[in-house]
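Each remark here refers to the structure printed beneath this line.
Nothing here was measured: the structure is a model prediction, and the numbers come from that model. Hydrogens, waters and symmetry mates are skipped; everything else that's a heavy atom, side chains included, is used.
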Amino acid sequence: MKTCFFVGHRDTAEEVRAALRAQVERHTAQLGVGEYIVGQYGGI
């Protein structure tokens, strides 16, 4: 199982959120990512 780690800020444009959502789906389906870790610094 692969792991993906997020860092960033929660206040962002809807276009960025939509693009991020699409990439999470792609990483899960195509790249085998099964675990997502979210940093708390930026309030994601």
Side-chain angles (χ1 to χ4, degrees):
M1 175 174 54
K2 294 180 181 179
T3 301
C4 180
F5 188 85
F6 290 98
V7 292
H9 201 279
R10 67 177 164 198
D11 295 329
T12 189
E14 185 56 39
E15 299 84 35
V16 173
R17 291 176 190 232
L20 178 59
R21 192 174 301 117
Q23 288 303 311
V24 168
E25 291 174 6
R26 183 178 78 82
H27 277 69
T28 301
Q30 296 177 4
L31 302 176
V33 175
E35 179 178 42
Y36 291 89
I37 300 171
V38 179
Q40 295 297 316
Y41 178 75
I44 288 181

### Query
For Tyr36 and Thr28, which heavy atoms make the closest approach, and how far apart are they?
OH-OG1, 2.7 Å
### Query
So how far is it from Asp11 CG to Arg17 CZ, rounded to the nearest 0.5 Å?
7.0 Å
### Query
Is Val33 reachable from Leu20 through a run of hydrophobic residues whose side-chain heavy atoms are each under 4.5 Å from the next?
yes
